[in-house]
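Have a look at the structure below before the remarks.
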Amino acid sequence: MSFVSLPADSTEYAQLLDTLKLRIRTARLRAAVAVNEELILLYWGIGRDILERQGVSGWGAKIVDRLSVDLKRDFPEMTGFSPRNLKYMRALAEAFPDREIVQQVIAQLPWGHAITLMEAIKVSDQRIWYAKQARENGWSRNVLTHQIRSDLFARQGKAITNFARTLPAPQSDLAQALMKDPYSFEFLGLGADISERELERSLLDHLRSLFLELGKGFAFVGSQYHLEVAEQDYYLDLLFYHLQLRCFVVVELKIEEFKPEFAGKMNFYLSAVDDLLRHDDDAPTIGIILCQGKNAVVVEYALRDSIKPMGVADYKLSAALPAPLQAALPTAEDLAREFPMMTLVKLRIDIERELRALIEGDGVESGRPLVLSEMVRLNEGVRDLPSTKDFIGIVNSLNKAAHGIDIPAEEAERASATANRFLFDIRAYRTST
């Protein structure tokens with residue numbers, strides 16, 4: 001049997017290697033999650049037994065010290081049986097008496113997260129809420145601590161909005177949930193005597209902290225984003241794209257209390273973005289007006305008759321960021337890793353839109369959802385574009401980014417450059433046809 005030798009830069013081989021590496025990483029992650037789940041359930045079971053015995057038999061606290069000695073003797077290869085950790089196990093069973101909640105939520109988090117939840121929060125519903133948020137958003141223990149200290153539970157979803165009336169039910173619920181009141185900009189270290197441009201510049205200088213406060217799903221588009229309407233220039237303070245809501249989000253910053261005219265200006269901006277930037281399959285653009293104060297009645301009157309979805313919230317400033325919270329913020333390395341990922345997700349969305357428009361224009365009906373590589377093969381003109389071969393080679397990178405899987409910086413940079421070239425070529429091809 002003869003074998004064909006592949007060149008070192010073979011696209012086919014690179015795709016196979018990427019697929020196998022992804023499968024291996026996924027399997028390792030599943031194994032780690034399964035081990036962690038069993039460990040937390042074991043700890044909960046030990047804690048429950050100690051709790052029950054102390055309640056039924058009246059054993060005192062010294063039983064924990066004795067169990068620690070005996071368990072460490074019989075299982076010398078295992079760590080975690082110190083008196084302190086056994087007391088945490090007992091506290092876990094006391095804080096979360098329902099095994100199903102432990103299995104579905106707490107056991108999906110590292111043991112350190114569970115300890116933080118038990119130590120920092122005394123209300124059961126709040127513990128479970130923070131645990132679910134940590135699981136869904138992938139918070140580190142430090143970020144979880146920061147969110148608890150900033151009282152995220154009390155702030156989340158509390159802004160005054162008109163979303164229930166201006167957005168369809170599924171999106172209005174999600175949009176309301178992502179809004180906070182107040183937003184905490186204490187990480188800026190600014191006092192109250194600032195200008196709007198100083199506030200904006202400071203937020204841009206602290207992007208990683210801003211993303212942490214805004215929440216999951218925000219992708220930065222630009223600051224002082226230029227719009228031209230009727231030959232006049234307008235500038236948006238901050239423009240984002242929300243990956244879950246699939247819509248643009250306009251943020252306007254005010255250094256004073258809310259005034260009704262702010263809503264009118266935001267209504268104009270939302271109409272302009274919907275007309276100039278929004279794609280056909282994007283949801284309606286949402287506006288967020290951030291002020292240093294507001295009267296709830298004035299806000300409700302201002303938003304009552306608006307047909308555009310918008311919300312109003314306060315923000316808090318502080319003279320300095322407490323030192324213990326510094327560690328809670330994502331590092332520059334975290335942002336450097338996450339920001340290119342969001343860029344790749346947005347590129348993938350734009351490319352899929354262009355390919356789908358071409359397919360629909362050709363009258364092709366597949367009867368099932370198509371992946372990117374299939375959409376490329378369905379159009380002969382796209383197959384012949386100069387950047388298509390390179391694009392096929394980075395599809396896996398785009399897919400991994402869309403699923404939240406970290407990829408090396410070099411791979412992300414290469415994928416971004418290739419995807420941008422391909423997107424440019426597709427748009428030029430669509431224009432020419």
Side-chain angles (χ1 to χ4, degrees), residues 20-55 64 67-68 70-148 152-153 156 177 215-217 244 328 330 334 337-338 341 399-400 402-407:
L20 294 180
K21 288 194 293 186
L22 176 60
R23 188 176 299 165
I24 292 169
R25 291 192 185 104
T26 302
R28 289 173 62 183
L29 179 60
R30 285 176 182 164
V33 169
V35 169
N36 181 77
E37 181 176 339
E38 288 299 322
L39 181 65
I40 300 295
L41 289 174
L42 171 64
Y43 284 176
W44 180 83
I46 292 172
R48 181 197 56 189
D49 289 345
I50 293 173
L51 194 63
E52 288 179 353
R53 290 295 179 137
Q54 286 183 325
V64 172
L67 282 172
S68 175
D70 291 338
L71 289 174
K72 285 194 288 186
R73 181 197 63 220
D74 293 339
F75 300 96
E77 75 284 359
M78 293 183 67
T79 59
F81 292 139
S82 67
R84 184 181 181 187
N85 217 40
L86 287 172
K87 290 174 184 176
Y88 278 135
M89 296 177 202
R90 182 189 183 281
L92 177 69
E94 191 171 26
F96 302 100
D98 187 341
R99 187 183 189 278
E100 187 174 347
I101 289 292
V102 175
Q103 183 170 15
Q104 293 179 356
V105 182
I106 308 303
Q108 309 307 312
L109 299 171
W111 178 233
H113 285 59
I115 292 175
T116 296
L117 291 168
M118 291 184 287
E119 289 184 329
I121 307 171
K122 304 307 177 186
V123 181
S124 177
D125 290 346
Q126 291 188 27
R127 280 200 198 104
I128 295 172
W129 185 86
Y130 278 108
K132 288 180 178 178
Q133 293 296 314
R135 181 192 63 186
E136 292 170 7
N137 294 286
W139 291 342
S140 69
R141 188 178 182 181
N142 281 337
V143 171
L144 172 62
T145 301
H146 168 70
Q147 300 291 25
I148 293 171
L152 180 61
F153 178 83
Q156 194 79 38
K216 185 178 180 180
Q244 290 175 288
D334 292 335
R337 183 177 64 253
E338 185 172 346
M341 298 279 283
N399 290 338
K400 284 189 282 188
H403 288 86
I405 300 171
D406 285 343
I407 59 178

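- Between the CZ atom in Arg127 and the NZ atom in Lys122 there is a gap of 6.5 Å [rounded to 0.5 Å].
- Gln133 pairs by the side chain to side chain donor-acceptor pair (under 3.5 Å) definition with Asn137, not counting sequence neighbours.
- What you find for Arg99 and Leu41 is that their closest heavy atoms are NH2-CD1, 3.7 Å.
- Taking all atoms of both residues into account, the shortest heavy-atom contact from Ile128 to Val105 is O-CG1, 4.4 Å.
- Residues satisfying the side chain to side chain contact (heavy atoms under 4.5 Å, CB included) criterion with Asp98, sequence neighbours excluded, are Glu100, Ile101.
- Scanning all heavy atoms of the two residues, the minimum distance from Ile106 to Ala131 falls at CD1-CB, 3.7 Å.
- Taking all atoms of both residues into account, the shortest heavy-atom contact from Leu92 to Ile40 is CD2-O, 4.1 Å.
- Smallest separation of non-hydrogen atoms from Gln108 and Arg135: CB-CD, 3.8 Å.
- Lys72 pairs by the side chain to side chain contact (heavy atoms under 4.5 Å, CB included) definition with Ser68, Phe81, not counting sequence neighbours.
- Residues meeting the side chain to side chain contact (heavy atoms under 4.5 Å, CB included) test with Pro97, sequence neighbours left out: none.
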* Tell me, with the steps shown, if Trp44 and Gln103 meet side chain to side chain contact (heavy atoms under 4.5 Å, CB included). => CA-CA 10 Å; Trp44 180 83; Gln103 183 170 15; over 6 Å; no
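- Residues meeting the salt bridge (Lys or Arg N to Asp or Glu O under 4.0 Å) test with Arg73, sequence neighbours left out: Asp70.
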What donor-acceptor contacts under 3.5 angstrom involve side-chain atoms of residues 109-119, with partners at least two apart or in another chain?
from: Trp111; atom 1: NE1; to: Asn85; atom 2: OD1; distance (Å): 2.9
from: His113; atom 1: NE2; to: Trp139; atom 2: O; distance (Å): 2.9
from: His113; atom 1: NE2; to: Arg141; atom 2: N; distance (Å): 3.4
from: Thr116; atom 1: OG1; to: Gly112; atom 2: O; distance (Å): 3.2
from: Thr116; atom 1: OG1; to: Arg141; atom 2: NE; distance (Å): 2.8
from: Glu119; atom 1: OE2; to: Tyr88; atom 2: OH; distance (Å): 2.5

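- Here the side chain of Tyr130 pairs no donor or acceptor atom with the backbone of Leu144 at under 3.5 angstrom.
- A distance-only check finds no donor-acceptor pair linking the side chain of Arg90 to the backbone of Ile50 [under 3.5 Å].
- When all heavy atoms of Gly80 and Met89 are compared, the closest pair comes out as O-CE, 3.1 Å.
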